[in-house]
Every structure is written in structure tokens, then in C-alpha cells.
K.L.:
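A single structure is presented below for examination.
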Amino acid sequence: MVNSTQGSNLRSENSVTYESPYPIFAMAVSSFAAAHHGLRRRSVAVGSFFEEYKNRVEILSFEEDTVTLKTNPGLAFDHPYPPTKLMFHPNPTASMKSADLLVSSGDYLRLWEVREASIEPVSTLNNSKTSEYCAPLTSFDWNEVEPRRIGTSSIDTTCTIWDIEKGVVETQLIAHDKEVYDIAWGEAGVFASVSADGSVRIFDLRDKEHSTIIYESPQPDTPLLRLAWNKQDLRYMATILMDSNKVVILDIRSPAMPVAELERHNASVNAIAWAPQSSRHISSAGDDGQALIWELPTVAGPNGIDPMSMYSAGAEINQLQWSAAQPDWIAIAFSNKLQMLKV
């Protein structure tokens, strides 16, 4: 990743930028690379952020060999309210049709089929048992080991586990004392969540009555906003606090005390993603316009940890993705721009 600010040149061998007609918040990079005229092509979804009912989702095509991002007018659709998260099927080899599935969260959990020249709604899932309306969903995560399972988090303090093949709720848990802001799967039946109550909790679907609190905000009731579980080493996860420049690294074997705190951002951190191919690397991005990559040492020194590389976007970065199928590229979203960065 280069140490430079974005200039007028929107494409180089190390980066490419797509400028959207609207502000971008949600973003997803597909796990599946299609071959097109001998080139590796991957889908990237971006969602608009307008504080109104009508929003928009676009599917872009990223060609790694030519470092280009292309639009297809047919691969865009209206979305009710801004999508809080977008995600492509995490394990498309399980079924070739599933490679074309996109999921969004917002007022409901919605499944979409991405075809060659169009996008069709598949289903709309409502986790409320008593009303046709659903409490807004803040986030979700798709289970890589059991792709029929998606877990959602909501402002109504619950986490809901869906069987998307049957379209039914597998279980719903009151997970926290306040709004739940993010959820992440570890193993097939184990997930974790973070909340406005300031805690990280782990749940095992084999014992739904209990959860394990592995971290609480140092200042009471400071919300935790995002959670990332290290898929290369499930002992580790990362979280971020509201209005904080820190990334907190946790070891689930030693609850309460973080194993590291990454404090080199100059403003609030908004997004975190573990490296898909390394258990020791993590990326972060924030309001200071910086996207940082960190290598976690075996033992942290007395002066903290410095990032190994840095990129300046020149604007507050809302979103960051490090695709498992594309470990050499990180995607960031800021303002109305999506940028692919070679790392």
C-alpha cells in the first residue's frame, strides 16, 4: 500500500477509484472470481447512504489484471433505506447458484440474485414474530462453515439466527442490554456480538441460555461499534469503541484485558478487517482518512505498535473490506468513492 494521498489520477497499477453519484456506506467484495475473456473479474457491491426511504445498490466489476472498475446499468436496484451491510455468498463452491447471491440488511434481511444483466429479489426475512414490521438491523454475518445460516443484530437488543434455505428463524436471543451493533461468526455454531452496552459477548448455539462476556468498555456504557473475528486464528478478535482512535485486540482465552491496543489513528476508527491469509495482520480505517495495515508482534513493546503501511484517502473512510479471495487488494469507501488498493 502506498504512502500517498489521492490525486487527480484515478487509476494506477496500485489503485483504482470508482466515483458514485451518491455517498457510499455499505460495501462488499465477492468471494467468487469469474473468468471473462481470460481476465479475472470480481463483483463489488456498493450501497448509497441517503437518510430517506429510496436508496440504491450497484454491482461493479473489478478486473484485477487490468486494474479497472466497470459498471453495468442492469446490475443496480433500489433499496429501501440505506443498507447497513452488504455481503456476497461466502462459500460459493458449495453451490454454483449461490455464487450469485447477495444479502443486504436495513429494515429487513433481504436476499437478491445477481444475474448476468439483472438483479432479482429472492426473499425478505422479518425477524418479528408479532408484527409485519421489523426492528432495524444494524449488521449481519454469513456463516462460512454452514452457509445456510445468517446471524443478524438489531437495535431491539436481539441477535437472530436465520436458516435462509428454509426462510425460517432458527433461534432468536436477547443478546445484550442495549442495541446490538455488530455480529461475527467464529465456528459453525458460535458467534459473538458487540453492543451499546459496551460488551463483547460470545454465544454457543448448543447452550443458548448462557453467554460469555470477554470484554467491556473501560468507560461504562461506551458503545462498541464493530467486531471482527480472526478466521486464521479464532483465539483473536478485534473491536472498536465509539468516538475512539483505538483498535482493541482481544484473546478469548484471557477475557477482560486486551492483548493489544492499536492507537495510531488521529480520529475515530470506523472499520476493521483481518487479513484473509495471515493471522498476524489487520487493517483499520477511520475519520482521519487513513487506512492502516498492522502486523501484530508476539510481544508488544512499551511504546505501542506502529502500522507497517499507511494510505491517505483525503476524506473520512467509512468502510473497509479485505476479501479472502483477493488478499492482495483492500477496498475502502469514502464520501462518494470506492477505491481498490493493492497492498
Side-chain angles (χ1 to χ4, degrees), residues 18 20-32 42-61 71-72 74-92 97-115 118-128 132-144 147-156 158-165 167-169 180-185 225-227 270-271 273 318-321 323 331 333 336 338:
Y18 167 68
S20 168
Y22 40 71
I24 295 172
F25 178 69
M27 176 179 66
V29 181
S30 69
S31 308
F32 174 73
R42 195 171 307 282
S43 296
V44 182
V46 292
S48 68
F49 186 83
F50 291 119
E51 293 187 37
E52 55 193 58
Y53 183 78
K54 186 178 177 181
N55 275 262
R56 197 88 174 137
V57 173
E58 276 187 290
I59 311 293
L60 311 173
S61 175
T71 58
N72 180 333
L75 297 184
F77 58 94
D78 289 338
H79 191 279
Y81 301 106
T84 53
K85 186 170 182 177
L86 296 167
M87 202 171 176
F88 288 97
H89 195 288
N91 186 12
K97 187 178 178 186
S98 67
D100 303 322
L101 269 186
L102 175 74
V103 169
S104 65
S105 56
D107 55 347
Y108 301 101
L109 190 70
R110 298 172 188 269
L111 279 67
W112 312 83
E113 185 180 350
V114 182
R115 298 179 180 173
S118 67
I119 298 173
E120 303 299 330
V122 176
S123 57
T124 300
L125 304 178
N126 178 2
N127 65 14
S128 172
E132 62 178 300
Y133 300 105
C134 171
L137 302 176
T138 52
S139 188
F140 70 92
D141 196 25
W142 206 328
N143 194 315
E144 289 182 27
R148 65 182 176 85
R149 275 182 175 158
I150 288 180
T152 64
S153 56
S154 173
I155 64 168
D156 68 359
T158 65
C159 289
T160 303
I161 309 303
W162 283 94
D163 182 327
I164 60 167
E165 290 179 2
V168 298
V169 171
V180 189
Y181 286 140
D182 205 5
I183 182 171
W185 288 101
L225 300 183
R226 290 284 170 259
L227 182 67
N270 295 326
N318 302 317
Q319 198 64 257
L320 174 147
Q321 299 269 322
S323 169
N336 66 331
L338 163 79

K.L.:
Could you measure the distance from the OG atom of S154 to the CD1 atom of I183? Nearest 0.5 Å is fine.
P.N.:
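Here the interatomic distance stands at 11.0 Å.
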
K.L.:
Rounded to the nearest 0.5 Å, what's the gap from CG on L338 to CD on E58? Could you check?
P.N.:
10.0 Å

K.L.:
Answer yes or no: is there a side-chain heavy-atom contact under 4.5 Å between I119 and I59?
P.N.:
yes

K.L.:
If you define the side chain from C-beta out and look only at heavy atoms, does anything of Y22 sit under 4.5 Å from F49?
P.N.:
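In short, these two side chains do not touch, never coming nearer than 4.5 Å.
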
K.L.:
Please tell me if the side chains of Y181 and L227 come closer than 4.5 Å, counting only heavy atoms from C-beta onward.
P.N.:
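Counting from C-beta outward, Y181 and L227 never come under 4.5 Å.
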
K.L.:
Measuring from atom CD of Q319 to atom CZ of F25, what distance do you get when rounded to the nearest 0.5 angstrom?
P.N.:
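Here the interatomic distance stands at 5.5 Å.
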
K.L.:
Is the backbone N or O of T160 less than 3.5 Å from a side-chain atom of T158, with the two atoms forming a donor-acceptor pair by type?
P.N.:
no

K.L.:
So which atom in P83 and which in V57 form the shortest heavy-atom distance, rounded to 0.1 Å?
P.N.:
CG-CG2, 4.0 Å

K.L.:
Taking S118 for the side chain and G74 for the main chain, is one N or O donor matched with an acceptor at less than 3.5 Å?
P.N.:
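A pair under 3.5 Å: no.
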
K.L.:
Keeping the roles fixed (side chain from R110, backbone from H79), state whether a donor-acceptor pair exists under 3.5 Å.
P.N.:
no

K.L.:
Does a donor on one side chain sit under 3.5 Å from an acceptor on the other, for S48 and N55?
P.N.:
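S48 vs N55: donor-acceptor pair found between side chains.
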
K.L.:
Looking at D78 and R56, would you say the former's side chain and the latter's main chain have a donor-acceptor pair under 3.5 Å?
P.N.:
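Between the backbone of R56 and the side chain of D78 there is no qualifying donor-acceptor contact (under 3.5 Å).
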
K.L.:
Check whether any side-chain N or O of N318 sits under 3.5 Å from a backbone N or O of N270 as a donor-acceptor pair, and report yes or no.
P.N.:
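It does not hold such a pair.
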
K.L.:
Could you grab the distance from atom CE of M87 to atom OG of S31, nearest 0.5 Å is fine?
P.N.:
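The distance works out to 7.0 Å.
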
K.L.:
Stepwise, does the side chain to side chain contact (heavy atoms under 4.5 Å, CB included) test hold for N91 with N143?
P.N.:
CA-CA 9 Å; N91 186 12; N143 194 315; over 6 Å; no

K.L.:
Is the shortest side-chain heavy-atom distance between V103 and L86 below 4.5 Å?
P.N.:
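Of all side-chain heavy-atom pairs linking L86 with V103, none is under 4.5 Å.
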
K.L.:
Rounded to the nearest 0.5 Å, how far does CG of L109 lie from CZ of F140?
P.N.:
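The CG atom of L109 is 6.5 Å from CZ of F140, to the nearest 0.5 Å.
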
K.L.:
Provide the closest heavy-atom pair for Y18 versus L60 in the form atom of the first, atom of the second, distance.
P.N.:
CD2-CD1, 3.4 Å

K.L.:
Would you say the side-chain atoms of S139 pair up with the backbone N or O of D182, donor to acceptor, closer than 3.5 Å?
P.N.:
no

K.L.:
Kindly say whether S153 contributes a backbone atom to a donor-acceptor pair with the side chain of T138 at under 3.5 angstrom?
P.N.:
yes

K.L.:
Without swapping roles, check the side chain of W142 against the backbone of P147 for a donor-acceptor pair under 3.5 Å.
P.N.:
yes

K.L.:
Measure the spacing between CH2 of W162 and CG of L125 and express it to the nearest 0.5 Å.
P.N.:
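It is 4.5 Å, given to the nearest 0.5 Å.
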
K.L.:
What I want to find out is whether R115 reaches D100 closely enough, with some N-O distance under 4.0 Å, to be called a salt bridge.
P.N.:
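Not counted as a salt bridge, because no side-chain N and carboxylate O are separated by less than 4.0 Å.
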
K.L.:
With side chain to side chain contact (heavy atoms under 4.5 Å, CB included) as the test, would you mind laying out the steps for I161 and W185 before giving the verdict?
P.N.:
CA-CA 11 Å; I161 309 303; W185 288 101; 3.8 Å; yes

K.L.:
Is the count of non-hydrogen atoms from other residues, nucleotides or ligands lying under 6.0 Å from Y81 atom OH greater than 12?
P.N.:
no

K.L.:
Does atom CD (E52) have a neighbourhood of more than 12 heavy atoms from anything else shown, all under 6.0 Å?
P.N.:
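Enclosed.
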
